[in-house]
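Each chain gets a letter, A, B and so on, in the order the sequences are listed, and its residues count up from 1. Below, all heavy atoms of this structure are taken into account, side chains as well, without hydrogens, waters or symmetry copies.
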Amino acid sequence: MKNEHVIGVLDKLDEIYGVTKKGFYHKQPWQLLAAIMLSAQSTDKQVEEVLPQLFARFQNAEDMAEAPLEEIEDAIRSIGLYKNKAKNLKKCCQQIVEELGGEVPGDIDGLLCLAGVGRKTATLFLADLYGIPGVTVDTHVFRISKRLGWACGKNPAEVELELQKVLPKDHWNRINFQLIYHGRTVCTARKAKCQECVLAEWCEKKLD
DNA sequence: ATCCCGAGGG
DNA sequence: CCCTCTGGAT
């Protein structure tokens with residue numbers, strides 16, 4: 001894989017998908033964290049439909065920490081995996097209120113101690129809130145990185161390290177949403193639309 | 001490796 | 001109808 005290939009792809013991604021992503025609406029850090037937690041295995045659209053009512057009902061982390069589980073479930077039911085997500089949200093808010101004085105951690109290790117917060121969620125939170133550079137490897141980034149020939153790792157953690165070496169740091173925080181969008185619309189898991197792919201000239205796995 | 005789980009696409 | 005989905009926990 002040649003360096004010009006990477007530059008070519010990155011320029012094209014910036015051109016097609018832009019360089020900034022509209023993050024989830026939030027007034028407080030815990031709201032952003034909650035929104036990202038809800039987005040697991042769901043689309044942004046689904047999450048955004050639920051947020052207004054959710055934050056109207058629960059004004060702060062303490063409200064959610066004290067709320068009956070069923071009330072949280074009701075507020076997010078239309079999103080998949082709602083039982084796990086409600087349970088994690090409540091537990092996470094309890095931790096924030098009872099162990100952290102109401103403050104959401106500002107570092108990766110602190111965030112990873114919270115219920116329902118894994119590497120993907122934590123990295124995205126830090127990127128959105130503080131602009132801290134981080135490569136988040138979800139299913140789309142994982143799949144496309146390998147098709148492009150940027151990585152060959154067996155799991156997301158390995159691919160994350162490979163991408164950190166291949167990609168300039170100033171692209172880390174936008175490669176995620178760019179590849180996710182590309183992955184949902186063009187470079188899909190099955191039946192990738194290579195004919196209409198703007199990255200095809202640099203792609204190792206391009207289909208004819 | 002499996003489960004969670006509603007929504008939308010093929 | 002059947003499949004997958006911007007993860008995380010067990």
Side-chain angles (χ1 to χ4, degrees), chain A residues 13 16-26 32-51 53-54 69-70 72-96 104-105 108-129 133-148 150-151 153-160 163 167 171-196 207:
Chain A
L13 287 175
I16 302 296
Y17 301 121
V19 298
T20 53
K21 171 188 184 287
K22 185 173 80 73
F24 288 114
Y25 172 80
H26 65 279
L32 176 63
L33 185 62
I36 297 174
M37 288 172 69
L38 289 176
S39 73
Q41 295 291 98
S42 308
T43 63
D44 281 2
K45 187 163 172 288
Q46 287 177 295
V47 175
E48 278 165 354
E49 278 176 21
V50 154
L51 292 184
Q53 53 205 61
L54 185 70
L69 200 51
E70 192 178 279
I72 305 177
E73 290 180 355
D74 285 345
I76 65 171
R77 191 173 306 271
S78 62
I79 299 178
L81 314 178
Y82 69 91
K83 285 196 174 182
N84 276 340
K85 288 178 179 177
K87 186 179 59 172
N88 285 333
L89 275 176
K90 181 174 166 70
K91 177 76 183 297
C92 176
C93 286
Q94 287 175 330
Q95 289 177 283
I96 291 170
V104 181
I108 188 103
D109 291 329
L111 287 164
L112 289 176
C113 292
L114 299 173
V117 177
R119 194 159 191 84
K120 163 87 200 289
T121 302
T123 304
L124 202 55
F125 175 80
L126 293 174
D128 279 4
L129 197 57
V135 179
T136 59
V137 180
D138 49 53
T139 63
H140 293 299
V141 175
F142 187 74
R143 179 178 69 254
I144 299 176
S145 295
K146 298 176 83 154
R147 285 181 178 168
L148 285 169
W150 285 1
K154 305 186 298 297
N155 55 59
E158 288 181 15
V159 171
E160 180 178 339
L163 291 181
L167 301 173
H171 279 266
W172 288 9
N173 284 353
R174 59 180 185 269
I175 196 67
N176 181 253
F177 80 80
Q178 289 172 334
L179 289 189
I180 283 167
Y181 191 74
H182 193 65
R184 275 176 40 191
T185 56
V186 180
C187 194
T188 47
R190 295 176 306 169
K191 295 199 299 183
K193 303 178 181 68
C194 299
Q195 316 287 354
E196 55 189 78
L207 306 174

Inset, instruction - Would you mind telling me which residue lines up with the more 5' stretch of DNA chain C, A/Gly116 or A/Gln46, judged by nearest nucleotide? - result: A/Gln46
Inset, instruction - Show the numbers, then the answer: is there a salt bridge (Lys or Arg N to Asp or Glu O under 4.0 Å) between A/Asp44 and A/Lys21? - result: CA-CA 12 Å; A/Asp44 281 2; A/Lys21 171 188 184 287; 3.6 Å; yes
Legend entry - Between P of C/dT6 and OH of A/Tyr17, the distance in whole Å: 13 Å
Legend entry - Distance test, side-chain N/O of A/Arg184 to OP1/OP2 of C/dC5, below 4.0 Å: no
Legend entry - Separation of the C1' atoms in C/dT6 and B/dA1, to the nearest angstrom: 22 Å
Inset, instruction - Give the first and the last nucleotide of DNA chain B, reading 5' to 3', that has any atom under 4.0 Å from a heavy atom of chain A. - result: B/dC4 to B/dG10
Inset, instruction - Using the P atom on both, measure B/dC5 against C/dT10 and round to a whole Å. - result: 15 Å
Inset, instruction - Please report, rounded to the nearest Å, how far the P atom of C/dG8 is from the CG atom of A/Leu38. - result: 13 Å
Inset, instruction - Kindly say whether A/Thr136 contributes a backbone atom to a donor-acceptor pair with the side chain of A/Lys120 at under 3.5 angstrom? - result: no
Inset, instruction - Answer with base, sugar-phosphate or nothing: what part of the nucleic acid does A/Asn88 contact at a heavy-atom distance below 4.0 Å? - result: nothing
Legend entry - Nearest-angstrom distance from the residue atom CD1 of A/Ile79 to C1' of C/dG8: 15 Å
Legend entry - Minimum side-chain heavy-atom gap A/Pro156-A/Val159 below 4.5 Å: no
Legend entry - Side chain proximity check, A/Leu32 to A/Val104, heavy atoms < 4.5 angstrom: no
Inset, instruction - Tell me what A/Val117 touches on the nucleic acid: a base, only sugar-phosphate, or nothing, going by heavy atoms under 4.0 Å. - result: sugar-phosphate
Legend entry - Spacing between A/His182 atom NE2 and C/dT6 atom C1', to the nearest angstrom: 15 Å
Inset, instruction - Give one of base, sugar-phosphate or nothing for A/Lys120, where a contact means two heavy atoms less than 4.0 Å apart. - result: base
Legend entry - Atom-pair distance (CG on A/Leu81; P on C/dT4), nearest Å: 15 Å
Legend entry - Close side-chain approach of A/Ile175 and A/Trp150, heavy atoms under 4.5 Å: yes
Inset, instruction - Answer yes or no: are there more than 12 heavy-atom neighbours, outside A/Tyr181 itself, under 6.0 Å from its atom OH? - result: no
Inset, instruction - Identify, between A/Glu49 and A/Gly80, the residue whose nearest nucleotide on DNA chain B lies closer to the 5' end. - result: A/Gly80
Legend entry - Atom-pair distance (CG on A/Asp128; P on C/dT6), nearest Å: 17 Å
Legend entry - A/Lys85 side-chain N/O to A/Ala34 backbone N/O, donor-acceptor pair under 3.5 Å: no
Inset, instruction - Just call it for A/Thr121: base, sugar-phosphate, or nothing, with non-hydrogen atoms closer than 4.0 Å on any strand. - result: sugar-phosphate
Legend entry - A/Glu49 and A/Ser78, any side-chain heavy atoms less than 4.5 Å apart: no
Inset, instruction - Measure from CZ on A/Phe125 to C1' on C/dT6 and round the result to the nearest Å. - result: 17 Å
Inset, instruction - Would you kindly compare A/Ala115 and A/Ser42 by the position of their nearest DNA chain C nucleotide and give the one closer to the 5′ end? - result: A/Ser42
Inset, instruction - Choose from C/dC3, C/dG8, C/dT6 the nucleotide whose nearest atom is closest to any side-chain atom of A/Arg190. - result: C/dC3
Inset, instruction - Take atom CG of A/Leu111 and atom P of C/dG8, then tell me their distance rounded to the nearest Å. - result: 11 Å
